[in-house]
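To start, the structure itself, in structure tokens.
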Amino acid sequence: MYLNINQTEAVNSIKGPCLILAGAGSGKTKVIISKIIYLINNCGYQSNHIAALTFTNKAAQEMKNRISEQICTTESKKIIISTFHALGMKIIRSELKTLGMKSNFSLFDEQDQIMLLKEISLKYLKENKNSLKTLLSFISNWKSKLLTPMQVLKLVKSKLERIFADCYKKYDNYLRTCNILDFDDLIFLPTLLFKNNLSARIRWQKKIRYLLVDEYQDTNEIQYELIKLLSNSDNNFTLVGDDDQSIYSWRGARPQNILLLKEDYPTLQVIKMEHNYRSSQRILKAANFLIANNPHIFKKNLFSELDYGSKIKVSITENEEHEAKKVVKKIISHHRIHHTTYNDYAILYRSNYQCRILEKILLHNHIPYHISSSFSLLSRPEIKHLISYLRFVVNPNDNNAFLKIINLPSRQIGSVTLNKLTTWAKKNKKSFFDASIDIELKKILTVRSINNLEKFIFWIQSIINLVELTPYDVLDNIVKDIKYEKWIYKNTIDPNIRTCKINNISIFSKWIKDMLKGNQTDTPLNLSQIITKFTLRDVIDNTVDNHDIDKVQLMTLHASKGLEFPVVFIIGMEEGILPHYSAIADNVDEERRLAYVGITRAKKELFFSYCKKRYQYGETLYPQPSRFLFELPQNDLIWTENIQIKNTNQLNILSLKKILKKQFF
DNA sequence: CTTACTACAGTTTTT
DNA sequence: CTGTAGTAAG
């Protein structure tokens, strides 16, 4: 692999802490991969002593793929390449004893968290999904500052904070007693462990002798702490980041971590990579113009030596359907003229819902496309439901799973029975499952309820006894016993959706089969591991081999980070969409970085578009073009029509409503 | 206890 | 507009 001077320096700096400030398209992944190979081949590191961390599964997958092209699979498989959360999971699983945990824990996703918090906060907060989300983010933020409920309770200032802190305490108690973890715990527990337990810390420092972190600007406080704790006395690690691509501050990411690093490690080597190998000069110029409107931590001067390239087009469209049609039409003609492949094209958007209309138009025109959403199959209700069954089988204390499966399919156990059950269980501090087998409870239930409940318990016990079988067989038995297909048949009217759902189930069970097969070298995954992998979305999509099939790529701007495409369309360039309503008042910088990420994905051609008219929730809006369009070098743009910049007093009603809502909240 | 209807809220991004 | 959650009738 050819490397330039800076890249070579970045690869060769293996003694002590090393920070690489890598601009978009400067060969960041290439450097990480080269460095890993260098460590193995030239520096005597064993591959199982190297860990590379990323933030998204997609990035981890990409890195795995690229590294297995370079070295043999047996070696590349030993390298830990995973997300922070997946590494946390690995640490927790191997430190169960030290942590005093049982192996059959459940992992809560956001929906589970909300469900639980709703229950907990019932007394304090009005039923309001918004306040639940706020509460959740408070708890998450506390956890990412390594604060326990007790510590938080001492710190609280306002009344509301006090309520939130109480909820945090209850929430935490609940999780611990039911043997449940949430996403934050996957970082929290290992960090706390390493802080308090030196031998555990040394154990892992010996295991991970060289640490690399991609997208370092996205680390939050606790992740930074974890990196510190994992690095041994020599501080041999490499962090790669770009503050202009920090787009996860809503998840607690702190780009300032880049600055802190210099204070914490005075010997830090800082290497800048400013040569962009991806985009035409014009595209890069546009990106630089845009991002110049943001404050900067480090000065950076990104340059390209490629052709100047063709002009950037801004297409003004009538409405969202017209917009989608224009994009698709452009792809068709471009494809024909330039003899490209379909996967040369990417359509990027701010929010997921924007892809629906595109999907419709693409389908209509028989253009192959692939939507990378955050794993669609696993978010389908029929699959989530099955996962709940599996979760309950592994951890019968998982009350959320219990509630989700108890009456689906209907077992004649309705809200009356469940209310009695849950209140009794709470009063007696038992899990719902333990409560259902308790003789005391039966005194307050009707005979019919008792019978129905006993029938269920008897059955689920028989399934629990199957856990020694393969996870695949467990699932198979559940699906058969609850006559799931029949139930779906009965409850789905549309025959297409019906087949789709039934098909999803077989895909799902095939996945489990594949996961068991794929790991034959190590000990096979158990059911608990499989479920947590699903919850973390840490699965490879085998249903479509995206690399072989030629498809137009559709994804959110967030999902596009780290990828590149010859031709990029960014749609919905409107005030309210990009920048998003919720950010217009206070966080435009991050939206700008988002636009920056989108622009820098493009290698050769870039298209923007926006609608003059848009329908949302049945309302008609007349959005203004995004301010970002005006921040670009106008000489490099071609607008499809002359725009009259309207009086911006004419803020549309919806955005006004949203802004007001936000301020009052 | 289930079904069917009505109202209502909601779309930011990910592990 | 669409999907969900809560309510009233069966």
Side-chain angles (χ1 to χ4, degrees), chain A residues 53-60 82-89 107-113 115 118 127-130 133 137 140 143-144 181-188 215 218-220 222-223 246-253 320 348-357 372-375 378-379 381 406-419 446 448-449 452 490-491 493 532-539 555-561 572 576-584 587 590-591 593-595 597-598 614-620 654 657-658 661-662:
Chain A
L53 299 184
T54 62
F55 280 82
T56 60
N57 290 308
K58 208 174 178 173
S82 75
T83 61
F84 267 90
H85 291 86
L87 176 68
M89 180 61 88
L107 181 61
F108 263 22
D109 65 13
E110 196 185 282
Q111 215 193 4
D112 293 310
Q113 290 179 295
M115 226 167 122
K118 193 173 175 179
E127 265 277 337
N128 178 344
K129 215 172 181 181
N130 247 331
K133 284 235 165 118
S137 70
S140 183
K143 282 197 180 186
S144 70
L181 301 179
D182 65 16
F183 285 136
D184 297 314
D185 287 331
L186 298 182
I187 317 285
F188 188 90
E215 310 285 9
D218 288 334
T219 47
N220 60 25
I222 195 168
Q223 284 162 337
S246 156
I247 52 176
Y248 287 105
S249 72
W250 51 275
R251 221 170 89 184
E320 56 269 67
L348 310 180
Y349 35 83
R350 175 68 235 257
S351 339
N352 268 314
Y353 74 91
Q354 290 175 270
C355 76
R356 285 169 81 159
I357 183 91
S372 4
S373 52
S374 53
F375 244 47
L378 295 176
S379 35
I406 182 78
N407 207 28
L408 216 130
S410 166
R411 296 187 180 86
Q412 321 268 57
I413 303 167
S415 51
V416 178
T417 310
L418 283 179
N419 268 335
T446 62
R448 209 161 73 105
S449 301
N452 291 331
K490 214 179 87 192
N491 289 280
I493 311 127
T532 49
K533 259 177 175 300
F534 278 134
T535 314
L536 283 174
R537 311 270 141 133
D538 183 14
V539 263
M555 66 191 80
T556 62
L557 287 161
H558 283 89
S560 77
K561 191 155 82 162
I577 294 185
L578 185 67
H580 192 265
Y581 298 111
S582 54
I584 266 178
N587 203 7
E590 177 140 325
E591 300 289 307
R593 287 193 289 269
L594 209 43
V597 167
R614 188 175 280 279
Y615 304 97
Q616 219 167 70
Y617 320 135
E619 267 179 300
T620 311
L654 193 75
K657 254 199 256 171
K658 296 220 167 172
K661 214 180 191 175
K662 190 166 175 177

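By convention in this document, chain letters (A, B, ...) are assigned in the order of the sequence lines, proteins followed by strands, and residues within each chain are numbered from 1.
- Of the two residues contacting DNA chain B, namely A:Arg251 and A:Asn452, the nearest-nucleotide position lying further toward the 5' end is that of A:Asn452.
- Rounded to an integer number of Å, the gap from A:Lys133 NZ to B:dT14 P is 13 Å.
- Taking atom C1' in both C:dG3 and B:dT14, one finds a spacing of 22 Å when rounded to whole Å.
- Under 4.0 angstrom from either OP1 or OP2 of B:dT14 there lies no side-chain N or O belonging to A:Asn57.
- Comparing B:dT11, B:dC1, B:dT15 against the side chain of A:Thr417 picks out B:dC1 as the nearest.
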Return the polar atom pairs (N/O with N/O) between nucleotides 2-4 of chain B and the protein under 3.5 Å, or none.
{"from": "B:dT2", "atom 1": "OP1", "to": "A:Asn407", "atom 2": "ND2", "distance (Å)": "3.2"}
{"from": "B:dT2", "atom 1": "OP1", "to": "A:Ser410", "atom 2": "OG", "distance (Å)": "2.6"}
{"from": "B:dT2", "atom 1": "OP1", "to": "A:Gln412", "atom 2": "N", "distance (Å)": "3.3"}
{"from": "B:dT2", "atom 1": "OP2", "to": "A:Asn407", "atom 2": "ND2", "distance (Å)": "3.2"}

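- Residue-level contact check: A:Tyr248 touches the backbone only, with heavy atoms under 4.0 Å from sugar-phosphate atoms and none from bases.
- Scored by the salt bridge (charged side-chain N to carboxylate O under 4.0 Å, His left out) test, A:Asp182 finds A:Lys143 as partners (sequence neighbours excluded).
- Partners of A:Ser137 according to the side-chain hydrogen bond (donor to acceptor under 3.5 Å, both in side chains) rule, which considers only residues two or more places apart in sequence or in another chain, do not exist here.
- Rounding to whole angstrom units, CD1 of residue A:Ile247 and C1' of B:dT14 are separated by 10 Å.
- Nearest to the side chain of A:Leu536, among B:dT15, C:dG6, B:dT14, sits B:dT15.
- Here the P atom of nucleotide B:dT14 and the CD1 atom of A:Ile187 are 17 Å apart, to the nearest Å.
- Distances from the side chain of A:His558 to the nucleotides B:dC1, B:dT13, B:dT15 place B:dT13 closest.
- When rounded to the nearest whole Å, the span between CG of A:Asp185 and P of B:dT15 equals 18 Å.
- Distance A:Glu619 CD to C:dT2 C1': 15 Å, rounded to the nearest Å.
- A:Glu320 is linked by a salt bridge (charged side-chain N to carboxylate O under 4.0 Å, His left out) to nothing, counting only residues two or more places apart in sequence or in another chain.
- The salt bridge (charged side-chain N to carboxylate O under 4.0 Å, His left out) search around A:Asp184 returns none, not counting sequence neighbours.
- Taking a centre distance below 5.5 Å and an interplanar angle below 30 degrees as the stacking criterion, A:Trp250 stacks against the six-membered base ring of B:dT13.
- Evaluation of the side-chain hydrogen bond (donor to acceptor under 3.5 Å, both in side chains) rule for A:Arg356 yields no partner, not counting sequence neighbours.
- Taking the side chain of A:Glu110 as heavy atoms from C-beta on, and the options B:dT13, B:dT15, C:dG6, the nearest nucleotide is B:dT15.
- Put simply, CG on A:Leu557 is 11 Å from P on B:dT13, counting in whole angstrom units.
- Among the heavy atoms of the strands lying under 4.0 Å from A:Phe55 are primed sugar atoms or P, OP1, OP2 only; no base atom is included.
- Straight-line distance between the C1' atoms of B:dT13 and C:dT4: roughly 22 Å, to the nearest whole Å.
- Looking at the side chain of A:Arg448, the nearest of the listed nucleotides B:dT14, B:dT11, B:dC1 is B:dC1.
- Taking 4.5 Å as the limit, every side-chain heavy atom of A:Thr532 sits out of range of all side-chain heavy atoms of A:Leu181.
- For the OP1/OP2 pair of B:dT13 and a distance below 4.0 Å, the side-chain nitrogens and oxygens of A:Thr56 include no atom meeting the criterion.
- The side chain of A:Arg356 has C:dG3 as its nearest neighbour among B:dT11, B:dT14, C:dG3.
- Side-chain atoms of A:Arg411 never come within 3.5 Å of backbone atoms of A:Asn452 as a donor-acceptor pair (strictly under, hydrogens ignored).
- Judged by distance alone, the side chain of A:Glu591 and the main-chain N or O of A:Ala583 form no donor-acceptor pair under 3.5 Å.
- For the pair A:Phe534 CZ and B:dT15 P, the interatomic distance rounds to 16 Å; values are reported in whole Å.
- Between the NE2 atom of A:His580 and the P atom of B:dT14 there is a distance of 13 Å, given to the nearest Å.
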